[in-house]
Amino acid sequence: MEDDAPVIYGLEFQIHIIDFDDENNIINKNVLLHQVGEIWHISASPADKGVLATCYSKTSDSKVMTCAAVWRMPKELESGSHESPDDSSSNAQTLELLCHLDNTAHGNMAGVAWEPMGDGKRLISLADNHLLLWDLQESSSKAVLSNSVALEGKGQLKFTSGRWSPHHNCTQVATANDTAIRGWDIRTMTQIYCIENAHGQLVRDLDFNPNKQYYLASCGDDCKVKFWDTRNVSEPVKTLEEHSHWVWNVRYNHSHDQLVLTGSSDSRVILSNMVSISSEPFGHLVDDDELSDQEDHQEDKIKEPLQDSIIATYEEHEDSVYAVEWSSADPWLFASLSYDGRLVINRVPRALKYHILL
């Protein structure tokens, strides 16, 4: 969220590129026109900061369809700019369409996710009850469907969200439909785990712990945030019940996985310190082997894991918080976006920052 890492969010038929000047606490905005329809989901390429995918609604034959496409923003915006907020709307530029993700045979698009560690040429999309794997070819001007799988069962099954794991050589994806969470091996498009009633109501969002390969966070309309070990999904490892309405988003910090952000329809953003189930439960990085070694060395002083806690509750929003996201450039910076269009940028409290570092 510094000049070299803009925040991207959609406002109906526009995409706003937000540059945050950290030194001077100034927000600069550029507007891009998204003329094909109203935006419901945005996903930025991890490999090319000028490329992004959108899911958007359009009317065709009197029916509203949700489609997906890949775009490139103007070159001059990729490195950050200093447009005056007052002048930006009149100087709106247009996105360059790279390709459509053709969903005519599969239904409405619910979301798109890029391969986390890849070259920006593979992504997945969720279309009704289909999980689709795409390869971008010919300088991303063509999207080829390379594999797919359909949810099978009673009723009208629909995916609500999905997340591509950065672990296991990027071969696993987690999806949510209704109250269930499923894991998939995208090499064979087979299901590898299923949490049938992960939440009491609709599951809204998922996120993988960036440092612990089997750990997955989920949130939903039961007001809860749950943490899972995908090797044993009979019970969550931990449950948070701090929100009073639907929880729309959950995000692990990219560098310090004990820091977890959640955003909710209760208009609050909560920053939690989930240190007991992090990769640093004793205040330093540990792995499973080290934990077992401690059991073997009875003469060593036994260290107790640090305690989980709510670090801060942010109440700057006056409406439902639909999105929270950590900066990819500064691990101590995060943004939240609410239904009324308010974007808020916050920092992890300084005292906690130095406690983690020192």
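Just so it is clear, the structure is predicted and the values come from calculations on it, not from any experiment. Just the heavy atoms: all of them, side chains too, but no hydrogens, waters or symmetry mates, feed the values below.
- Residue His254 qualifies as enclosed at atom NE2: its count of foreign heavy atoms under 6.0 Å is above 12.
- A donor-acceptor contact shorter than 3.5 Å is absent between the side chain of His243 and the backbone of Trp246.
- Judged purely by atom type and a 3.5 angstrom limit, His130 has no side-chain atom pairing as donor or acceptor with the backbone of Ser148.
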side-chain contact (heavy atoms from CB on, under 4.5 Å) between Ser309 and Gln307: does it pass, once the steps are laid out? CA-CA 6 Å; Ser309 61; Gln307 293 298 306; over 6 Å; no
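- The two atoms that bring Leu136 and Ala143 nearest to each other are CD2-CB, 3.8 Å, heavy atoms only.
- Note on Val247 and Ile277: same hydrophobic cluster, where clusters join Ile, Leu, Val, Met, Phe, Trp and Tyr whose side-chain heavy atoms are under 4.5 Å apart, directly or indirectly.
- Counting only heavy atoms from C-beta outward, the side chains of Leu32 and Leu77 approach each other to under 4.5 Å.
- Side chains of Leu333 and Ile345 form a contact here, defined as non-hydrogen atoms less than 4.5 Å apart.
- Taking each heavy atom of Thr175 and Trp184 in turn, the nearest pair found is OG1-NE1, 2.9 Å.
- No salt bridge links Asp330 with Arg347; every basic N to acidic carboxylate O contact stays at or beyond 4.0 Å.
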Would Tyr215 and Phe227 count as a ring-ring contact (aromatic ring centres under 6.0 Å, His included) if you check the C-alpha gap in whole Å, the side-chain angles of each, and the deciding distance to 0.1 Å? CA-CA 7 Å; Tyr215 276 62; Phe227 299 87; 8.6 Å; no
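- Salt-bridge annotation for Arg342 and Glu318: present, with a side-chain N of the basic residue lying under 4.0 Å from a carboxylate O of the acidic one.
- Not a single donor-acceptor pair under 3.5 Å links the side chain of Asn103 to the backbone N or O of Cys67.
- Enclosure of atom CG in Asp340 by more than 12 non-hydrogen atoms of other residues, nucleotides or ligands within 6.0 angstrom is indicated.
- To the nearest 0.5 Å, the span separating OG on Ser140 from CG on Leu98 amounts to 6.0 Å.
- Between the side chain of Ser45 and the main chain of Ala47, a donor-acceptor pair closer than 3.5 Å is present.
- For Arg204 and Trp248, the positive end sits near the middle of the six-membered ring, less than 6.0 Å away and at most 45° from its axis.
- The backbone N or O of Glu23 lies less than 3.5 Å from a partner atom in the side chain of Asp21, making a donor-acceptor pair.
- In this structure, CZ on Arg72 lies 11.5 Å from SG on Cys99, to the nearest 0.5 angstrom.
- By the 4.5 Å heavy-atom criterion applied to side chains, Arg182 and Leu151 are counted as neighbours.
- A donor-acceptor contact under 3.5 angstrom links the side chains of Asp257 and Ser279, judged on distance only.
- In this structure the side chain of Gln35 reaches within 4.5 angstrom of the side chain of Thr94, judged on heavy atoms.
- Both Leu123 and Met109 sit in one connected hydrophobic cluster of ILVMFWY residues. Membership requires side-chain heavy atoms under 4.5 Å apart, directly or through other members.
- Here the OG-OH distance, from Ser336 to Tyr314, works out to 9.5 Å after rounding to the nearest 0.5 Å.
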How far apart are the C-alpha atoms of Ser125 and Trp134, what are their side-chain angles, what is the distance that settles it, and do they pass the side chain to side chain donor-acceptor pair (under 3.5 Å) test? CA-CA 8 Å; Ser125 65; Trp134 302 89; 2.8 Å; yes
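- Look at Asp61 and Lys63 and you find no salt bridge, because none of the NZ, NE, NH1 or NH2 atoms lies under 4.0 Å from a carboxylate O.
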Determine, step by step, whether Val225 and Thr239 satisfy the side-chain contact (heavy atoms from CB on, under 4.5 Å) criterion, reporting the C-alpha distance in whole Å, the side-chain angles of both residues, the deciding distance to 0.1 Å, and the verdict. CA-CA 6 Å; Val225 180; Thr239 301; over 6 Å; no
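- Judged purely by distance below 3.5 Å, without hydrogens or angles, the side chains of Asp205 and Ser161 never pair a donor atom with an acceptor atom.
- No continuous path of ILVMFWY side-chain contacts below 4.5 Å connects Ile42 to Tyr322, so the two sit in separate hydrophobic clusters.
- In this structure a side-chain-to-backbone donor-acceptor pair under 3.5 Å is present from Thr160 to Ala176.
- Taking the side chain as every heavy atom from C-beta outward, Trp71 and Val36 approach each other to under 4.5 Å.
- In this structure the side chain of Val275 reaches within 4.5 angstrom of the side chain of Asp308, judged on heavy atoms.
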Please evaluate residues Leu259 and Ile356 with respect to the criterion side-chain contact (heavy atoms from CB on, under 4.5 Å), reporting the C-alpha separation (whole Å), side-chain torsions for both, the decisive distance (0.1 Å), and the verdict. CA-CA 10 Å; Leu259 302 179; Ile356 290 173; 4.0 Å; yes
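- Side-chain N or O atoms of Asp266 include one that pairs as donor or acceptor with a backbone N or O of Arg268 at under 3.5 Å.
- Rounding to the nearest 0.5 Å places NE2 of His16 at 4.0 Å from CD of Gln14.
- Ring planes of Tyr56 and His100: tilted class, angle from 30 to 60°.
- Using a 4.0 Å cut-off between charged nitrogen and carboxylate oxygen, Lys224 and Asp222 do not count as a salt-bridge pair.
- Pairs of residues two or more places apart, or lying in two chains, that qualify as salt bridge (Lys or Arg N to Asp or Glu O under 4.0 Å) and include a residue from residues 107-133 are Glu115-Arg122.
- The main-chain N or O of Ser141 is never found under 3.5 Å from a side-chain atom of Ser139 such that the two would form a donor-acceptor pair.
- The heavy-atom pair separating Asn209 from Asn211 by the smallest distance is OD1-N, 2.7 Å.
- Under the 3.5 Å distance criterion, with hydrogens and angles disregarded, a donor-acceptor pair is assigned to the side chains of His199 and Ser218.
- The hydrophobic cluster around Trp228 extends to Ile181, Ile192, Tyr193, Ile195, Val203, Leu206, Phe208, Leu216, Val233, counting ILVMFWY residues whose side-chain heavy atoms fall within less than 4.5 Å of a member.
- The shortest non-hydrogen separation linking Asn25 to Phe20 is OD1-CZ, 3.5 Å.
- Note that CG of Asn30 is 7.5 Å distant from CD1 of Ile17, once rounded to the nearest 0.5 Å.
- Counting only distance, with no hydrogens or angles, the side chain of Trp114 and the backbone of Ser43 share a donor-acceptor pair below 3.5 Å.
- Val344 is not connected to Ile311 by any chain of hydrophobic side-chain contacts under 4.5 Å among Ile, Leu, Val, Met, Phe, Trp and Tyr, and they are in different clusters.
- Contact check for Leu261 versus Val269: side-chain heavy atoms found under the 4.5 Å cut-off.
- Contact detail for Glu76 and Gln93: the closest heavy-atom pair is OE2-OE1, 2.9 Å.
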Applying side-chain contact (heavy atoms from CB on, under 4.5 Å), run through His106 and Leu145 and close with a yes or a no. CA-CA 12 Å; His106 301 104; Leu145 182 63; 3.7 Å; yes
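- Defined by atom type and a distance below 3.5 Å, a donor-acceptor pair is missing between the side-chain atoms of His41 and Thr54.
- Although no hydrogens or angles enter the test, the distance criterion places a donor-acceptor pair under 3.5 Å between the side chain of Ser267 and the main chain of Asp319.
- Remark: Glu242 CD to Ser264 OG distance equals 11.5 Å, nearest 0.5 Å.
- Cluster membership check: Leu101 does not share its hydrophobic cluster with Leu126, using side-chain heavy-atom separations under 4.5 Å among Ile, Leu, Val, Met, Phe, Trp and Tyr.
- Side-chain contact check for Asp19 versus Ile27: every heavy-atom pair is 4.5 Å or farther apart.
- Minimum interatomic distance between Val112 and Cys55 (heavy atoms only, all atoms of both residues): CG2-SG, 3.7 Å.
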